[in-house]
*Asks:* 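Below is a structure I'd like to ask you about.
Protein chains get the first letters and strands the later ones, always in sequence-line order, with residue 1 at the start of each.
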Amino acid sequence: MSNGGRSISVLNVAEKPSVAKSVATILSRNQGMRVREGRSRYNKIFEFNYSIRGQPCRMLVTSVTGHVMELDFDDRYRKWYSCDPAALFEAPVRKIVPQDKLDIKRTLEEESRRCQWLVLWLDCDREGENIAFEVIDICTAVNQRLTIKRARFSALIEREIHESVQNLVEPNQWFAHAVDARQEIDLRIGASFTRFQTMLLRDAFVIDSVGDDRNLVLSYGPCQFPTLGFVVERYWEVQSHEPEEFWAINCNHRSEEGLATFNWMRGHLFDYTCAVIIYEMCIQEPSATVTKVRQQEKYKYPPHPLNTIELEKRASRYFRMSSEHTMKVAEELYQAGFISYPRTETDSFSARTNLQAIVQEQLEHPVWGSYAQQLLDPGSGLWRNPSNGGHDDKAHPPIHPTKFSPGENNWSQDHHKLYELVVRHFLACVSQPAVGAETTVEIDIAGEQFAASGRVIIAKNYLDVYRFESWGGSVIPTYLPGQQFVPTTLTLDSGVTRPPPLLSEADLLSCMDKAGIGTDATMHDHIKKLLDRFYVTKDQNTRFSPTNLGEALVMGYDDMGYKLWKPNLRSMMEFDMKAVSEGSKSKTEVLQTCLQQMKACFIDARLNKEKLFEAMSVFFDRSNRSVREDQHGTGEVVRLCQLCNQSNMVLKQSRDGNFMVSCLGYPLCRNVVWLPGSVSEAAITSSVCNSCTPRPIHMIQFKFRRSEIPPNYNVDHLGCIGGCDDILRQLTEICGTGSRMPARGRGSTQSQSTAQTISRQQMCTNCRQTGHSLGDCPSVVSAASHSRTRRRSTHDGEASVPCSTCGASCTVRTANTANNRGRKFYSCQAQGCNFFVWADSLDSGTGGGGRRDSNGVSSRGRGRGSRGSTFVSVTGEPVTGRCFACGDPSHFANACPNRNA
DNA sequence: GCAAGGTC
């Protein structure tokens with residue numbers, strides 16, 4: 001290695017300026033180091049002398065800022081209308097240095113010209129290895145005689161760095177290839193699908209919810225779409241939840257020492273009769289016997305050391321800060337030297353970290369300084385070595401404070417909050433867990449088991465400093481085994497199951513983390529992208545709902561049968577990338593198979609684009625141009641329009657193949673009857689219906705697609721649209737229609753014509769068909785089991801009754817649970833409001849102010865036998881059951897006026 | 001105008 005003692009020049013390149021500085025400081029031992037500017041203002045050059053395995057070296061240490069190059073298509077394919085999007089799966093691509101990286105490139109060129117060696121100090125992960133090859137490409141282009149070496153290090157600490165420079169290795173081509181493949185796949189899939197769906201849908205619909213929709217980009221990406229999928233999936237779960245009533249026996253015992261609440265160990269039962277029988281047994285023999293008293297010491301452990309995802313989740317939970325904003329503030333705190341590098345997967349400290357020194361720095365803080373003092377006092381016993389979260393990216397330590405600050409003048413509230421979180425989290429990590437004494441008492445009443453528990457906190461420990469967490473505890477009276485007592489109350493209470501909550505930002509990050517969508521440094525970007533693209537909205541509680549646009553896109557691909565919105569695609573790609581990085585698959589092989597599959601998928605999606613149209617039509621109006629183009633032929637007359645009484649209604653087929661009978665008075669009259677989606681042919685006959693009026697209403701000869709209707713229906717059918725035809729109605733219900741319903745509530749509807757408003761009033765407000773009203777709607781009466789139908793009917797739901805909790809509107813739906821199958825109920829559509837009421841309880845009420853009172857006990861009591869006077873509590877008071885939510889005995893929880901309070 | 005990944 002020696003060249004006769006002559007010094008050689010070595011260009012060292014790190015991934016970011018901070019690493020260049022650390023490496024230079026460590027290697028130079030901070031002696032004789034010179035700093036000079038490079039072409040780029042962020043990336044300085046450090047110079048000093050060093051010796052590698054006896055070879056004297058003039059070391060130049062500089063940096064890049066992440067990737068220097070990006071992948072893009074050749075110019076010919078860059079313009080959106082330059083080619084068929086499918087061609088983007090094969091179009092030539094190349095790596096280019098973007099404008100804002102040109103000065104970094106120039107520094108590398110200039111410095112490498114006069115060096116003999118190039119040592120790569122990029123982060124030791126796949127992306128880092130790929131950046132290393134970008135640097136190699138740039139440097140060897142101007143100096144082909146460079147000797148190229150890779151430094152492998154797992155932490156920026158002295159021993160590691162010195163060891164690594166004395167044991168330089170070869171760069172890992174496999175790692176870099178894995179990233180090359182990832183980049184190319186992301187680009188080709190992203191660009192092709194984005195162009196395809198944007199060009200297809202943007203002009204075809206009035207996407208009024210986004211303001212000016214002319215420049216709208218409907219992007220598709222292998223990370224953003226699965227993220228959207230998580231939001232939509234949960235939203236659907238909430239929408240399709242059908243509340244189910246359940247029953248529980250609760251027992252209270254008040255003594256001189258206080259109150260104990262005993263919970264039924266069966267939890268709750270959905271079978272009312274069964275619950276009543278057990279309850280009656282308890283009431284008849286109400287004496288309770290203590291069967292078990294257990295006392296245990298319990299611990300609540302401090303969190304693991306902080307990594308990026310956890311920082312984002314906690315800042316969202318504790319401060320409602322968006323993950324994107326959190327990372328911006330964290331970056332600023334890092335740049336100013338107050339916290340360590342904020343983009344890290346690592347959640348365990350290396351054994352070599354001097355944790356005490358980090359605590360030491362915080363001693364003078366006015367609020368938590370005294371806690372830090374206690375931590376360092378061996379006598380306090382508060383210290384505990386931090387737990388190991390099991391993740392290590394081998395590049396950065398967990399996020400921790402690096403400099404003391406009582407708060408800086410130029411800090412915003414959020415800087416204060418985030419710094420405080422990082423410090424308190426660190427102090428908590430090196431603290432003992434909280435200790436509690438838990439008492440559990442089990443009793444037996446007539447063979448039924450009940451349990452109560454209480455907790456006393458013995459030592460708060462880390463909870464003293466980690467104010468964001470708490471550990472509730474309540475004291476219960478003392479009980480002895482074998483002791484007997486008579487409960488103060490023993491009640492049969494009702495409750496209803498609730499839907500899961502919408503996804504919070506913390507939930508969403510967890511979903512992404514679990515499925516491997518994005519990296520710690522990019523997850524917040526994907527979430528922000530969904531907001532920027534108008535695919536999702538976030539409410540004040542950081543909970544996400546899809547917009548009509550976001551839901552329509554997912555629905556469209558879902559209806560095609562594609563799981564493009566599921567995380568599987570990314571997981572498969574990730575699996576392949578791993579194979580490439582391990583050398584078990586070649587980059588070419590992975591690119592070839594993956595792109596081939598994705599292209600087939602793309603072609604197929606394009607063939608099935610009607611599914612996207614249909615889904616979009618659920619939420620958005622077709623733009624005028626498209627609608628007119630879409631309906632060809634003037635059609636034959638079926639009847640006189642019963643809405644405007646002026647024009648005829650004619651049979652038409654839309655471009656996407658669906659049949660309808662619509663008024664020729666359009667756009668003044670928008671009366672339309674959509675026919676089942678399973679109709680393949682429809683022709684007007686000269687026969688006239690005998691029962692429907694005003695005559696004549698011509699019968700239509702239908703042909704249905706066999707595969708789309710149940711076996712007990714005929715493919716051929718002579719039908720009538722006047723309202724008498726049950727078969728037509730049933731098939732409409734089963735198959736759905738090709739109808740295009742206007743956007744619901746969220747967007748502006750002010751531009752609708754008067755004619756449309758009038759015609760809407762005469763349609764069924766549930767399914768938008770004419771010929772029947774809401775009460776007779778076939779899709780309400782049946783329990784729709786087909787998920788898409790059900791989803792649609794949810795969206796279709798028109799304001800039917802005002803919600804008595806929040807004043808918004810309720811839609812009518814049908815329960816599909818064991819006890820209430822087929823029973824209609826109204827549920828509130830407002831976000832966050834879970835109000836619902838059974839429709840039959842409204843029917844039986846006297847209307848007006850009497851409605852709410854009749855929701856509960858009385859109407860159900862009539863239905864199932866009188867329940868009101870059967871039970872008597874042990875204290876002699878009559879028990880009729882009570883509301884699970886507020887305790888009021890006048891109603892049950894499903895009718896509770898305060899249930900959302 | 002399109003992706004996701006680095007980082008400032």
*Asks:* Which pairs count as side-chain hydrogen bond (donor to acceptor under 3.5 Å, both in side chains) when at least one residue sits in residues 220-232 of chain A, sequence neighbours excluded?
*Replies:* S219(A)-Q224(A)
*Asks:* When you check every protein heavy atom under 4.0 Å of nucleotides 2-7 of chain B, what one-letter string (B, S, -) results, 5' to 3'?
*Replies:* BBBBBS
*Asks:* Mind checking side chain to side chain donor-acceptor pair (under 3.5 Å) for Y562(A) and listing every partner two or more places apart, or none if nothing turns up?
*Replies:* D604(A)
*Asks:* Check side chain to side chain donor-acceptor pair (under 3.5 Å) between K403(A) and all other residues, then give those that pass, not counting sequence neighbours.
*Replies:* none
*Asks:* Taking only residues two or more places apart in sequence or in another chain, which ones pass side chain to side chain donor-acceptor pair (under 3.5 Å) with R234(A)?
*Replies:* none
*Asks:* Kindly write out the residues that satisfy side chain to side chain donor-acceptor pair (under 3.5 Å) with S340(A), not counting sequence neighbours, or none if the list is empty.
*Replies:* H400(A)
